Amino acid sequence: NLDERVEIRGNDELSNLGSAFNLMITKLAQVEQQRKDFVANVSHELRTPLSAIKLLAESLLHQEDVKAETYREFLQDIDTEVDRLNKIIENLLALVDIDKGKLELDYQITYVNYLIENVIHSLKPLADNKQIEMVFYEREKIHIKLDQIKIQQALTNIIHNAIKYTPNGGKIEISLYPEYEDVVIKIEDNGIGIPEESLPYIFERFYRVDKARARSTGGTGLGLAISQQIVVLHQGKIEVASEVNKGTVFYVRLPKEVRVPN
Ligand code: ADP
């Protein structure tokens, strides 16, 4: 029973042990609550596209003499929802791998400038679609050890967000520079921004500031959770600053020297 606590009297070793025990129970209760929330969230997130698919299929089945054009339209919508389900499941599996510690990093000495250029290049069509300009500022050539596929994934999520949450004609500036013991990748957009009260939650699984907007942009609410886990596995961290209607800055900090486990 995670509600029970031991009674603490006095200040001796035994009561210290009691306090430690109570603290542990509190932590366990928190973990249990997070687990329950997560399962509830997953169920909800999977149910939303499934309900949409069911609704679309049923309305086709219950109509007589459906025009070919209408069929196409509905099937197109069903296809979009199936893509969405796939994406959620793919993201969930990525998170499960990280949680299991199964995700072993494949450290390779990497020319970071080139890796970032690749990410920008792969997202360029999405930015072009919205006439968003992406600029890359690189002060120097940086080589560090990292898992290329994973860091590429982490940066793709963040830069893709910058595109998604910046209106047409906006600008995204990406900078790479060393700072003390770290290499910093800064991603700055002049988009819609994130309200201050939402900032503490954006790295949580399934958290979205605006669910409706995220849905229309195809977001799953898992992207930043994945990016953060990947960066933390690299012994780095992600910081964020934002102002509504002004824009958002993400800082990805990776240590120059990783302590690579043997
Ligand atoms: P999603 O798949 O919804 O984009 P993420 O985990 O990647 O999920 O991001 C969580 C939420 O953080 C987003 O739904 C959005 O509300 C907010 N967000 C992330 N990046 C930005 C950004 N560059 N500008 C504004 N809001 C952002």
Side-chain angles (χ1 to χ4, degrees), residues 34 37-38 41-42 44-49 52 80-81 83-99 116 119-120 122-124 126-127 129-136 150-175 184-233 237-253:
Q34 281 168 3
D37 291 348
F38 183 62
N41 281 336
V42 170
H44 173 78
E45 297 292 333
L46 293 178
R47 194 177 285 147
T48 311
T80 306
E81 295 296 335
D83 283 347
R84 198 179 154 67
L85 273 174
N86 259 329
K87 198 163 150 195
I88 295 172
I89 289 167
E90 214 175 83
N91 283 344
L92 279 171
L93 289 176
L95 277 171
V96 169
D97 272 355
I98 297 173
D99 280 346
I116 294 174
V119 173
I120 294 174
S122 68
L123 289 169
K124 195 164 180 303
L126 291 174
N129 256 341
K130 298 179 73 178
Q131 294 92 45
I132 289 174
E133 188 191 357
M134 289 198 287
V135 199
F136 181 30
K150 295 293 168 328
I151 290 294
Q152 220 153 344
Q153 179 65 61
L155 294 176
T156 300
N157 292 347
I158 296 171
I159 302 176
H160 190 183
N161 278 345
I163 299 171
K164 285 194 293 191
Y165 302 106
T166 296
N168 288 8
K171 188 172 182 182
I172 297 169
E173 296 178 308
I174 298 147
S175 325
V184 182
I185 301 145
K186 177 180 170 193
I187 297 116
E188 179 164 18
D189 67 55
N190 61 356
I192 62 170
I194 301 167
E196 201 180 333
E197 63 273 19
S198 298
L199 278 178
Y201 306 109
I202 58 168
F203 295 100
E204 281 181 11
R205 297 166 182 202
F206 295 118
Y207 183 83
R208 281 161 293 193
V209 175
D210 178 345
K211 292 236 172 206
R213 184 197 295 262
R215 219 179 125 66
S216 69
T217 54
T220 61
L222 294 170
L224 283 181
I226 292 174
S227 295
Q228 191 181 45
Q229 303 255 41
I230 290 173
V231 171
V232 167
L233 274 179
K237 61 178 170 191
I238 306 183
E239 291 159 351
V240 56
S242 189
E243 208 176 320
V244 172
N245 294 328
K246 288 261 169 69
T248 305
V249 198
F250 281 91
Y251 299 89
V252 176
R253 295 180 178 276

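All ligand and atom numbering here is 1-based and tracks the order in the structure. Owing to the predicted nature of the structure, the values given are computational and were not obtained by experimental measurement. Every heavy atom of this structure was used, including side-chain atoms; hydrogens, water molecules and symmetry mates were not.
The heavy-atom pair separating Pro167 from Ile192 by the smallest distance is CD-N, 4.4 Å. Nearest heavy-atom pair across Ile132 and Ile163 is CD1-O, 3.7 Å. Heavy atoms only, all atoms of each residue included: Val240 and Thr248 are closest at CG2-CG2, 3.9 Å.
Of all the atoms in ligand 1, the ones that sit under 4.0 Å from a non-hydrogen atom of Gly221 are 1 (P), 2 (O), 3 (O), 6 (O), 8 (O). Close approach of ligand 1 to Ile202 (heavy-atom distance below 4.0 Å) involves ligand atoms 10 (C), 12 (O). Numbered from 1 in the order shown, with element, the atoms of ligand 1 that lie under 4.0 Å from a heavy atom of Gly223 read 5 (P), 6 (O), 7 (O). Those atoms of ligand 1 that come under 4.0 Å of a heavy atom in Arg208, given as number and element, are 3 (O), 14 (O). Near Tyr207, meaning under 4.0 Å from one of its heavy atoms, ligand 1 places the atoms 10 (C), 11 (C). Per-residue contacts place Lys164 under 4.0 angstrom from the following atoms of ligand 1 (heavy atoms of the residue considered): 1 (P), 2 (O), 4 (O).
Other residues, nucleotides and ligands contribute over 12 non-hydrogen atoms within 6.0 Å of the NZ atom of Lys130. Within a 6.0 Å sphere centred on CD of Gln131, other residues, nucleotides and ligands contribute more than 12 heavy atoms.
Summary of contacts: the protein heavy atom closest to atom 18 (N) of ligand 1 is Ile194 CD1, 3.8 Å. The nearest protein atom to atom 13 (C) of ligand 1, hydrogens excluded, is given as Tyr165 OH, 3.4 Å; this is a heavy-atom distance. Of the protein's non-hydrogen atoms, Leu224 CD1, 3.6 Å is the one closest to atom 9 (O) of ligand 1. Among protein heavy atoms, atom 23 (N) of ligand 1 sits closest to Asp189 OD2, 2.8 Å.
Residue Asn161 has at least one nitrogen or oxygen atom sitting less than 3.5 Å from a nitrogen or oxygen atom of ligand 1, judged on distance alone. The shortest N or O to N or O distance between Val209 and ligand 1 is below 3.5 Å. Below 3.5 Å of separation, one finds no N or O of Ile192 facing any N or O of ligand 1.
When heavy-atom distances to ligand 1 are checked against a 4.0 Å cut-off, Thr166 has no atom that comes that close, whether in backbone or side chain.
Of the candidates Asn41, Thr220, Leu95, Arg205 forms a side-chain contact (heavy atoms from CB on, under 4.5 Å) with just one, namely Leu95.
The backbone N or O of Gly247 lies less than 3.5 Å from a partner atom in the side chain of Ser242, making a donor-acceptor pair.
Contact annotation: Gly193 has at least one heavy atom less than 4.0 Å from an atom of ligand 1. The shortest separation from a heavy atom of Asn157 to ligand 1 is not under 4.0 Å, leaving the residue out of contact.
Between Tyr207 and Tyr201, the two ring planes are tilted [angle within 30° to 60°].
Remark: Glu173 engages Lys171 in a salt bridge, criterion side-chain N to carboxylate O under 4.0 Å.
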Identify each donor-acceptor pair in which a side-chain atom of residues 223-230 lies under 3.5 Å from a protein atom, sequence neighbours left out, and give them as a table.
residue	atom	partner	partner atom	Å
Ser227	OG	Ala154	O	3.0
Ser227	OG	Asn157	ND2	3.2
Ser227	OG	Gly223	O	3.2

